[in-house]
Amino acid sequence: MKAQKRKTRGAFLMLAWLLVAVFAGMIAPHDPSRRFEPYSPPGSRHLLGTNDMGYDILSELIMGTRISLLVGLATAAVATLVGLAAGLAAGYSGRFLDEILTGLIDVFLMIPRIPMLILLSAFMQPGALTLSILLGLLWWPPIARIVRSATLQEKKAAFVESAVCLGFSRPRILLGEILPNIMPVVKAKFLMTFASAMIAEASISFLGLGNPLLRSWGRMLYTAFNKGGLIHGMYWWILPPGFCIAAVVVTVMATGMALEETGRSPKREVLRP
Amino acid sequence: MGFNKTRLLRVLLALFFIFTLNFLIPRMMPGDPLVFLMGEDVVLDPGAMDELRVEMGLDQPLWRQYIRYWGRIVTLDFGYSYHYNQKVSALILSRIPWTLGLMLPVILLGGILGMVTGTLSGWKGDSRLNRGFTTLNLVIYSTPPYFLALACLYVFSVRLELFPLKGFMDSGTLPDILHHYFLPVLVLTAFFASRNFLLMRGSVRQEKKKWYVLRARSMGIHGPRLVFGHVFVNAALPMVTMIALDFGFLFSGALLVEIVFSMNGMGILIYEAVLSRDYPLLQGIFLVITLMVVLANLAAEICYHRLDPRLRIQ
Amino acid sequence: MNPLLRIRELTVGFEGPRGKNTVLDGVSLDMNPGEVVVLTGETGCGKSVLARTLIGLPGDHARVQGSIRFKGRELTTLGESRFSRIRGRSMAMILQNPQLALNPVLPVGRQLVEPLRRHTGMDRHAAGKRVREGLKKMGFERGEEIFHRYPFQLSGGMLQRILIISAMILKPELLIADEPARALDDSLRNSVHRWLAESRDRWNAAVLLITHDLDLAAKLASRVAVMVAGQLVEINTATGFLTGPLHPYSQSLVRSYFNLPWEGPADALSPLSRSATGCRYISRCDRKTPRCLEKKPEMIPCGKGAKVRCHHCPME
């Protein structure tokens, strides 16, 4: 009903952001590495002014879409792949493997993620790819957990049907059945991870921990905060990156939540008619 | 109590694992482990560095270092910061009260506010007000809290000059401290409250559809007694875990906001450690946070088990 | 004399993801004190929605049209707080899932005491005593123990019994039971209906019993109403229904339930007519006329105290 509408609307918005990220080079009015007069207020040439190094803020903002979205997506991809593998393995195999994997997942779940990320980033000063991998390694356990419980549920249903009809189906056939059925949950979690990863990357960049060449929105906030943007009241510098982060995250989260609502299989609901 | 043993085991295992990671990481980084164990801000001549290497046990085999490491941890010796010239544990202890003063009110207020508003929102139907308020909460939750902090700081301190721009106190009197703490508490409470709101709302919407609610209503129970006596009690159970975990992240939760408001707590300590690459301090703090998180996990489990009669009675 | 419950042209629709969906269509029924009316029909035809609409809880996004008069009072326009004063007191409902009908995190005793206190203002001790007495009277010797138990510790049969006690404790004048024995096994099934009959015998309650079990209809019911796709197609006395059902659908129900041979003109499973005009049961009917193709039938009186949705009463 309503959730369906929200889902499609969210999908459209996300697509729009992706397009901006892909075509950023063409959309940005200036080359973000080209230097102009630093600290200029907004004007006709520079709609959002320039920063401390003289770079056009609007161009930096548009190009920043690429980095911020890329890290988020890459993380979500890594986390989902690992989480899916682990969750499926845990949910589908026998008790022994399940116990081991669940124990592993629980242990990893207890790692304080942001502090660990800070520690690792301080040591390694990661670029976009490394950061995505680090984030992915920290964000896969929640996905694995959900995948595992969904697999367990599906196993009961699919097993009954297939086992009766086909005798003893091969695991691959069952995976072909279970996997499609848990996809809605996985998709929703993918989006939520995407959102969390973007916030995490922004936080790390805001602390100045990322690679300085990684000019994401978080990094822009770091520069704005530390190079006098706040004190001089340069709201055109401080506010836009934050708004962008918030905008993308809201969209992704709302779509993820709508996906959760529409993806619920009717037969599994414990509701009254 | 079967659960306790396996759970406790898992928790201890997690602690063990993470602490081991903390031990291994600096020693596995490319480059001189001494740098990773001392911090990059420290400049010493090669002779002093060699002495330090021996003192730190870096010339010993790995397993010996490992045992030493645990020996120190058990005595709550979390290392020494060469940057500050103080023991890490002392540094942490001095900053804790300021962060507590920030986070405790935030968790409690954010918890109560979020859960109550979330319950009401989840219970009532789809009105314009309800949807608008839910969207507001969604936006607040999606906004990085430090950005919210930046925006607030800009509006209220720079532009309107209602609140102080920096620091945690000027004169040290209580009203003064409260004045400084107002904005950070506001921003963080908004964040936590919005998260709790969203979770509680979802939970209540699910509970609303259950049979026992229909039965209670059919017997004439309505209004606050129905919502808070029946639905809230069930819907709040998963939230208990969440809030217990918040206590685990007491120190790191306020990190970025403390930076924005230039406060004097753990968050700033972490930040300064990052800036000066004071690795021993970072690692020490990481250990302390891990300990708190793990303990909070355990506490959350225990709480949950005691509250839900289905788990309590076996 | 005015009937205790008077339902007229009750129509209930829901807004679903694919547009509006009419679940009850022009239902009219009267009920009097001391009578047991069995409402039967296939699953999903709207019987539960009727039960819930009567008690004022039709569900989210429901549009209710028509009239429900209970003790002379119009219920469809009654405000929530006023309605809640009637629920559990003058009218009560018994649901089909005893395992899910009680709050899992509160003790059973407390949930029985709660409505009692709400309606009578008794204090905790007096209400507790009354509940414990009620439990004992219904055969729970260890009423004290049950009082402090949680729902998950009790069996389905015990829970249903407790729920019935709870519904009856204030002697409601109208009892609505929605397949109360569905989740229970046979031995308990009879007991459930015996307990329901108590309310009729002891204080002349009217009982609306929704069930598929026609044996019980035979034992308990004064009248039977048959519902198909949200519409009532027959209201008859119990004997009348069982010995000579008037509507083709009732006929197939009775015949299949009691394993009687089919004596109709066409295949009993022939599809119902989907045309917008005319009666849906044309293909299964042996007394159809041209009028049956043109116009949808209304409920007409037919025989002693019976009504059928047909153009022709078979009794004539």
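Chain letters run A, B, ... following the sequence lines, proteins first and then strands; every chain starts at 1.
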Other residues, nucleotides and ligands only: do more than 12 of their heavy atoms fall within 6.0 Å of CZ on C:R110?
no
What part of C:N103 gets within 4.5 angstrom of chain B, counting heavy atoms only: side chain, backbone, both, or neither?
both
C:L102, part contacting chain B, at a heavy-atom distance under 4.5 Å
both
Tell me whether B:F182 at atom CZ has more than 12 heavy atoms from other residues, nucleotides or ligands lying less than 6.0 Å away.
no
Looking at C:P104 and B:P309, what are the two nearest heavy atoms and their distance?
O-CG, 3.8 Å
So NE2 of C:H61 and CG of B:D126: to nearest 0.5 Å the spacing works out to 6.0 Å
Taking side chain as everything from C-beta outward and backbone as N, CA, C, O, which of these in B:L307 sits under 4.5 Å from a heavy atom of chain C? Side chain, backbone, both or neither.
neither
To check you understand the geometry: which heavy-atom pair defines the closest contact between B:M219 and C:A167, and what is its length?
CE-CA, 4.1 Å
I'd like to know whether CZ of C:R82 has more than 12 heavy-atom contacts from other residues, nucleotides or ligands below 6.0 angstrom.
no
So for B:H222, is it side chain, backbone, both, or neither that comes closer than 4.5 Å to the heavy atoms of chain C?
side chain
Between atom OG of B:S218 and atom CD1 of C:I176, what is the distance when rounded to the nearest 0.5 Å?
9.0 Å
Taking all heavy atoms of C:Y150 and all of B:R312, pick out the closest pair and write down the distance.
OH-NH2, 3.1 Å
Validation row: C:R52, B:R217 side chains within 4.5 angstrom (heavy atoms):
no
Donor-acceptor under 3.5 Å (C:R118 side chain, B:G220 main chain):
yes
Can you tell me how far NE2 of B:H230 sits from CD of C:E114, rounded to the nearest 0.5 angstrom?
3.5 Å
Would you say that C:D60 contacts B:K209 through its side chain, given a criterion of any heavy-atom pair below 4.5 Å between the two side chains?
no
Heavy-atom distances under 4.5 Å only: say whether C:L163 touches chain B with side chain, backbone, both or neither.
side chain
Where B:R215 and C:S166 come nearest, the two heavy atoms and their spacing
NH2-OG, 2.6 Å
Would you mind checking which part of C:Q99 comes under 4.5 Å of any heavy atom in chain B, side chain (CB onward), backbone (N, CA, C, O), both or neither?
neither
Residue, of C:N97, C:L106, C:I55, that accumulates the most heavy atom pairs under 4.5 Å with chain B
C:N97
